[in-house]
**Q** 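First the structure, then my questions, so here it is.
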Protein chains: 2
Amino acid sequence: MILTGRFEPGDRIPAERVLAVELGVSRSRLREAIKQLSLLGMLVSRQGGGTYVTSMDEVQPLRTALAPLAPLTAGKAGYWRDIMELRKSLDADAAAFAAERADMADKARIKAACDACSSAFLSESVDMDAAPTRLPLAKLDARFHMSIARASHNVVLYQIMTGLEGLLESSISDSLDTLYRLPDVPRELDLQHRRIFDAILAGRGDEARAAAISHLVFVEDQLAAIEAASARQRRSTQAFDHLKTMQEARP
Amino acid sequence: MILTGRFEPGDRIPAERVLAVELGVSRSRLREAIKQLSLLGMLVSRQGGGTYVTSMDEVQPLRTALAPLAPLTAGKAGYWRDIMELRKSLDADAAAFAAERADMADKARIKAACDACSSAFLSESVDMDAAPTRLPLAKLDARFHMSIARASHNVVLYQIMTGLEGLLESSISDSLDTLYRLPDVPRELDLQHRRIFDAILAGRGDEARAAAISHLVFVEDQLAAIEAASARQRRSTQAFDHLKTMQEARP
DNA sequence: CTGTTTATATTGGTATGACCATTTATGCAT
DNA sequence: ATGCATAAATGGTCATACCAATATAAACAG
């Protein structure tokens, strides 16, 4: 029905009880179908409010479809390395395409996201936990990259990068939080962001690509260092526990 | 429960009526949850048989999750161009990583897929519709690229490429079928495949990357030509119909 | 007449019980 | 032990009722 145009994005579909009799099925069966479409992000239900057709422009099937799978990857070491490995290519493409195709609205969005990152990154050092309304730094950073992906005018690329972002976040949210609290890292990240943004603004695709790659390499290295440190910490703790157990066992 | 290891891949989970009381929810609610996990490919139900946990090794969440969404992309022109644009990067990465990391089993799989393509491509010209058991050429071609993706040892890359393959197929299956029936195209495709395979076998990453890119560019060009031709055909047919209508209207 | 508050109706979320179709297990006769 | 018919188990569907959140309509105060 959505495909045939009976329901436009944003429309509210008939109530379950109504649609069920219209389709000649029970409400249970209809609900199971709606659940599936909701999982794909095509429908969204609000209790008491109704069920609405998602705007296809902003449907993010990858993200929504992958979300329930995230726990599977939480534990896996190396999973985030796979993601970052891909992002080096995808972000590079996105930056290059954005440099070639971004219109004024795109550039404005990128600038806004970049500025938001700057102010957050640079003010973080002075007033630590200031406004609770402010988004987490990781979210702002992700938003900047997503604005570039959107400016690439490649919907598949945009959706995949959105999905990967969600996966990465659920995979190593702790390390991501740590990343922005390292000394001098926010300043460096902001510099790299500006370099990418300037290249896109100037329409220099190759330069944007190179800047994106070096940015991702930097982030990857930092994350690797954080992971290694936390692993070292774990081993140390375990060793200490072991030692304590031995001492207690010998009173 | 799957994550905590209570249910191993291949196990049969308790009956709905049993599991529902164990979890303290109604059977309807449990069924909706099972439907979602089934959509993700983690569970598979057989009426009368039971519900089983899918082997996580071969779970292809993207493909299964995106399948219902495919019709949305069928009509959109330019959608396949977005996909191909990405594949140029992803296939290049996959080939390069495969050249660096493929073990003997990987190489054997790639060789098998490549040989299957060769025999199918080259025999097609002599005996058209020979064995009905033989897979469509597009499937064989896709399998070759997937074997490379798997050899990259990057599970995220593998899943994304699998998903994109399914999307591309459902997006322009007609044009894909036409592609392998063009004169001299199968021979050229096979040559390019062999070039990629040889580079991977020899462990030359850069060469594999370059071969993959030029291969994708070739395919993209051919598909563009096919699409353009079919569009021309459509316009011509419409014009003819219009003409006929005018003539019939003036008896 | 207007804006606010309250009451009612609508709607999604859940629970329960029943029945059907298919598969699997059981038991009987050979 | 084997083969077949019957019974049990299991997923698929339907119908009904009730709960919770929301939206709409009615009532009310200004």
Side-chain angles (χ1 to χ4, degrees), chain A residues 1-61 63-71, chain B residues 1-56 58-61 63-72:
Chain A
M1 289 169 143
I2 297 177
L3 293 178
T4 57
R6 169 169 169 185
F7 299 136
E8 295 287 322
D11 283 359
R12 189 175 75 176
I13 71 176
E16 292 181 352
R17 293 165 179 80
V18 179
L19 196 55
V21 301
E22 179 181 333
L23 295 177
V25 298
S26 73
R27 199 184 150 203
S28 324
R29 183 75 189 86
L30 177 65
R31 275 185 59 78
E32 289 183 357
I34 290 179
K35 258 282 161 59
Q36 298 191 46
L37 291 181
S38 300
L39 192 70
L40 292 176
M42 298 181 64
L43 294 177
V44 54
S45 300
R46 291 200 322 256
Q47 184 174 204
T51 302
Y52 293 80
V53 179
T54 310
S55 301
M56 291 313 292
D57 303 335
E58 50 196 65
V59 65
Q60 298 173 0
R63 169 148 208 165
T64 49
L66 258 51
L69 231 37
Chain B
M1 289 168 137
I2 296 177
L3 294 178
T4 56
R6 168 168 170 186
F7 299 137
E8 294 289 321
D11 283 359
R12 189 176 76 179
I13 70 176
E16 293 180 350
R17 293 166 178 81
V18 179
L19 195 54
V21 301
E22 179 181 331
L23 295 177
V25 298
S26 73
R27 199 184 150 202
S28 328
R29 184 73 187 87
L30 176 65
R31 275 185 58 77
E32 290 182 357
I34 290 180
K35 260 280 161 60
Q36 298 191 46
L37 291 182
S38 300
L39 192 70
L40 291 177
M42 298 181 66
L43 294 178
V44 54
S45 299
R46 291 199 324 255
Q47 183 174 202
T51 302
Y52 294 80
V53 178
T54 311
S55 300
M56 291 313 290
E58 48 196 66
V59 66
Q60 297 176 358
R63 169 146 210 167
T64 49
L66 258 51
L69 224 44
L72 287 175

**Q** Could you state the CD-C1' distance from A/Glu16 to D/dC19, rounded to the nearest angstrom?
**A**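 Taking CD of A/Glu16 and C1' of D/dC19, I get 14 Å after rounding.
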**Q** Within this structure, what is the CZ-CG distance for the pair A/Arg17 and A/Leu30, rounded to the nearest 0.5 Å?
**A**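 Interatomic distance, A/Arg17 CZ to A/Leu30 CG, rounded to 0.5 Å: 11.0 Å.
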**Q** Nearest whole angstrom, please: distance from the P of D/dT13 to the CG of B/Leu30.
**A**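 So the CG-P distance, B/Leu30 to D/dT13, works out to 15 Å.
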**Q** side-chain contact (heavy atoms from CB on, under 4.5 Å) between B/Thr51 and B/Val44: does it pass, once the steps are laid out?
**A** CA-CA 6 Å; B/Thr51 302; B/Val44 54; over 6 Å; no
**Q** Can you tell me how far C1' of D/dA21 sits from CD of A/Gln47, to the nearest Å?
**A**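 Taking CD of A/Gln47 and C1' of D/dA21, I get 5 Å after rounding.
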**Q** Nearest whole Å is fine: how far is D/dA9 C1' from B/Leu19 CG?
**A**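 It works out to 16 Å between those atoms.
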**Q** Write down the distance between CD1 (B/Ile34) and P (D/dT10), rounded to a whole number of angstrom.
**A**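 Answer to the nearest Å: 13 Å.
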**Q** Start at the 5' end of DNA chain C and walk down; is the nucleotide closest to B/Ser26 or to B/Arg17 reached first?
**A**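 With B/Ser26 and B/Arg17 compared, the 5'-side residue is B/Ser26.
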**Q** B/Ser45 and B/Ser38: which non-hydrogen atoms are nearest, and at how many Å?
**A**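 Heavy-atom minimum between the residues: OG-OG, 4.4 Å.
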**Q** Between A/Pro14 and A/Phe7, which heavy-atom pair has the shortest distance, and what is it?
**A**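 For A/Pro14 versus A/Phe7, the nearest heavy atoms are CD-CZ, 3.4 Å.
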**Q** Checking the side chain of A/Arg31 only, and the main-chain atoms of A/Glu16 only, is there a donor and an acceptor separated by less than 3.5 Å?
**A**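 Checked: no pair found.
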**Q** First locate atom CD of B/Glu32, then atom CD of A/Gln36, and finally report the distance between them rounded to the nearest 0.5 Å.
**A**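 Separation between the atoms: 10.0 Å.
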**Q** What's the CD1-P distance between B/Ile13 and D/dA9, to the nearest Å?
**A**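 Between P of D/dA9 and CD1 of B/Ile13: 18 Å.
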**Q** Go through DNA chain C in 5' to 3' direction and return only the first and the last nucleotide with some atom under 4.0 Å of chain B's heavy atoms.
**A**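 That gives a stretch of C/dT14 to C/dT24.
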**Q** I want to check one thing: is the phosphate of D/dG11, taken as OP1 and OP2, less than 4.0 Å away from some side-chain N or O of B/Arg31?
**A**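 B/Arg31 to D/dG11 OP1/OP2: no side-chain N or O under 4.0 Å.
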**Q** Tell me if a side-chain donor or acceptor on B/Arg12 pairs with a main-chain N or O of B/Gly49 at a distance below 3.5 Å.
**A**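 Yes, because the side chain of B/Arg12 sits within donor-acceptor range (under 3.5 Å) of the backbone of B/Gly49.
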**Q** Using nucleotides 23-25 of chain D, report all nitrogen or oxygen pairs with the protein that are shorter than 3.5 Å.
**A**
{"from": "D/dA23", "atom 1": "OP1", "to": "A/Arg46", "atom 2": "NH2", "distance (Å)": "2.9"}

**Q** Between A/Glu32 (CD) and D/dT13 (C1'), how many Å, whole number?
**A**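 From A/Glu32 CD to D/dT13 C1': 9 Å.
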**Q** From A/Ile13 CD1 over to A/Leu43 CG, what is the distance, rounded to the nearest 0.5 angstrom?
**A**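 Interatomic distance, A/Ile13 CD1 to A/Leu43 CG, rounded to 0.5 Å: 5.0 Å.
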**Q** Kindly give the heavy-atom pair with the smallest separation between B/Leu23 and B/Met1, and that separation in Å.
**A**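 So the two residues come closest at CD2-CE, 4.0 Å.
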